[in-house]
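We count residues from 1, following the sequence as given. On a predicted model such as this, the values are computed, not experimentally measured, just so you know.
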Amino acid sequence: MLKLLDGFQNPVEHNLGLFRDDPKGQFYATVEARKPMPLQDRLSIVSKVDTVITFDPETYEEKVVIVRNDINLNNIKSLRLLQTWYWDERKNRLSICSDQVGPIIDMIDYNGNLRFSRPLYYVKVK
């Protein structure tokens, strides 16, 4: 019988929730980063606030609307796994050690076209 731990049913959604809500979370901006990202920086990554100015075509009245754009989970389609491969002399076999994991997000332009893909953050594996 195999039992999945909480959060492993949908690991991307679970980790993104921790990225957004856990103040003690150990998430890193780059592979080389030594210090974890502060919660405020993480919040600015997953949720952007824009100001949109619209005009009424009949009265030409200007309207300012504040729009909150949250990250779209459908744009995260893969994970980047950073690993160290080494030859274990004692066991006489090739071994793999997982170092970091990062969800890859597709960056979409205003026309719906894929611009590029990039890691959203990295989690160091214990």
Side-chain angles (χ1 to χ4, degrees):
M1 187 72 146
L2 181 66
K3 182 181 177 188
L4 287 175
L5 297 174
D6 288 340
F8 284 95
Q9 292 84 3
N10 191 344
V12 173
E13 186 175 338
H14 175 75
N15 274 326
L16 195 58
L18 291 176
F19 182 75
R20 181 181 45 240
D21 300 328
D22 186 8
K24 295 181 182 178
Q26 301 289 309
F27 299 95
Y28 298 85
T30 64
V31 175
E32 300 85 15
R34 301 258 187 248
K35 291 184 179 180
M37 296 169 62
L39 182 60
Q40 194 62 31
D41 292 351
R42 291 188 277 153
L43 289 175
S44 69
I45 290 173
V46 290
S47 182
K48 305 277 186 197
V49 177
D50 290 331
T51 304
V52 178
I53 301 173
T54 59
F55 292 94
D56 185 348
E58 294 176 4
T59 63
Y60 296 105
E61 183 180 337
E62 183 180 292
K63 225 181 195 182
V64 177
V65 179
I66 297 175
V67 179
R68 183 175 167 200
N69 297 320
D70 290 333
I71 204 162
N72 187 353
L73 280 177
N74 294 330
N75 291 345
I76 299 175
K77 296 190 173 34
S78 61
L79 295 173
R80 178 175 289 166
L81 303 175
L82 300 170
Q83 302 173 326
T84 302
W85 292 45
Y86 62 95
W87 183 259
D88 190 343
E89 291 289 338
R90 292 182 298 143
K91 296 178 183 176
N92 204 23
R93 68 176 184 186
L94 184 66
S95 294
I96 301 170
C97 178
S98 295
D99 297 327
Q100 296 183 35
V101 177
I104 303 297
I105 186 165
D106 293 338
M107 303 305 291
I108 308 295
D109 66 9
Y110 291 112
N111 297 323
N113 300 320
L114 175 67
R115 292 179 54 212
F116 58 90
S117 297
R118 70 172 182 87
L120 190 58
Y121 56 84
Y122 286 101
V123 178
K124 293 185 179 180
V125 178
K126 295 177 172 87

Considering all heavy atoms of both residues, which atom of [X] and which atom of [Y] are nearest to each other, and what is their separation?
X	Y	result
P36	G25	CB-O, 4.3 Å
S117	D106	OG-OD1, 2.7 Å
V125	S98	CB-O, 3.7 Å

Quickly, which of V101, I105, N15 forms a side-chain contact (heavy atoms from CB on, under 4.5 Å) with Y121? Name it, please.
-> N15

Once you round to the nearest 0.5 Å, how far does [atom1] of [X] lie from [atom2] of [Y]?
X	Y	atom1	atom2	result
Q83	D99	CD	CG	8.0 Å
N69	K48	CG	NZ	10.0 Å
L16	D21	CG	CG	9.0 Å
L79	Y122	CG	OH	11.0 Å
D56	E62	CG	CD	12.0 Å
D41	F27	CG	CZ	13.5 Å

Could you state whether [X] and [Y] fall into the same hydrophobic cluster, counting links through intermediate Ile, Leu, Val, Met, Phe, Trp or Tyr residues with side-chain heavy atoms under 4.5 angstrom apart?
X	Y	value
F116	I76	yes
F55	V64	yes
M37	V12	yes
I45	V123	yes
L43	L18	no

Check: [Y] main-chain N/O paired with [X] side-chain donor or acceptor under 3.5 Å:
X	Y	value
R20	S47	no
Q100	V31	yes
N111	N113	no
R42	F19	yes

Could you check if a side-chain atom of [X] sits within less than 4.5 angstrom of a side-chain atom of [Y], using non-hydrogen atoms only?
X	Y	result
I96	Y86	no
N72	I108	no
R80	S78	no
R118	M107	yes

Residues, nucleotides or ligands: over 12 heavy atoms within 6.0 Å of W85 CH2 = no

Verify the neighbour count for atom CD1 of I66: are there more than 12 heavy atoms of other residues, nucleotides or ligands below 6.0 Å?
-> no

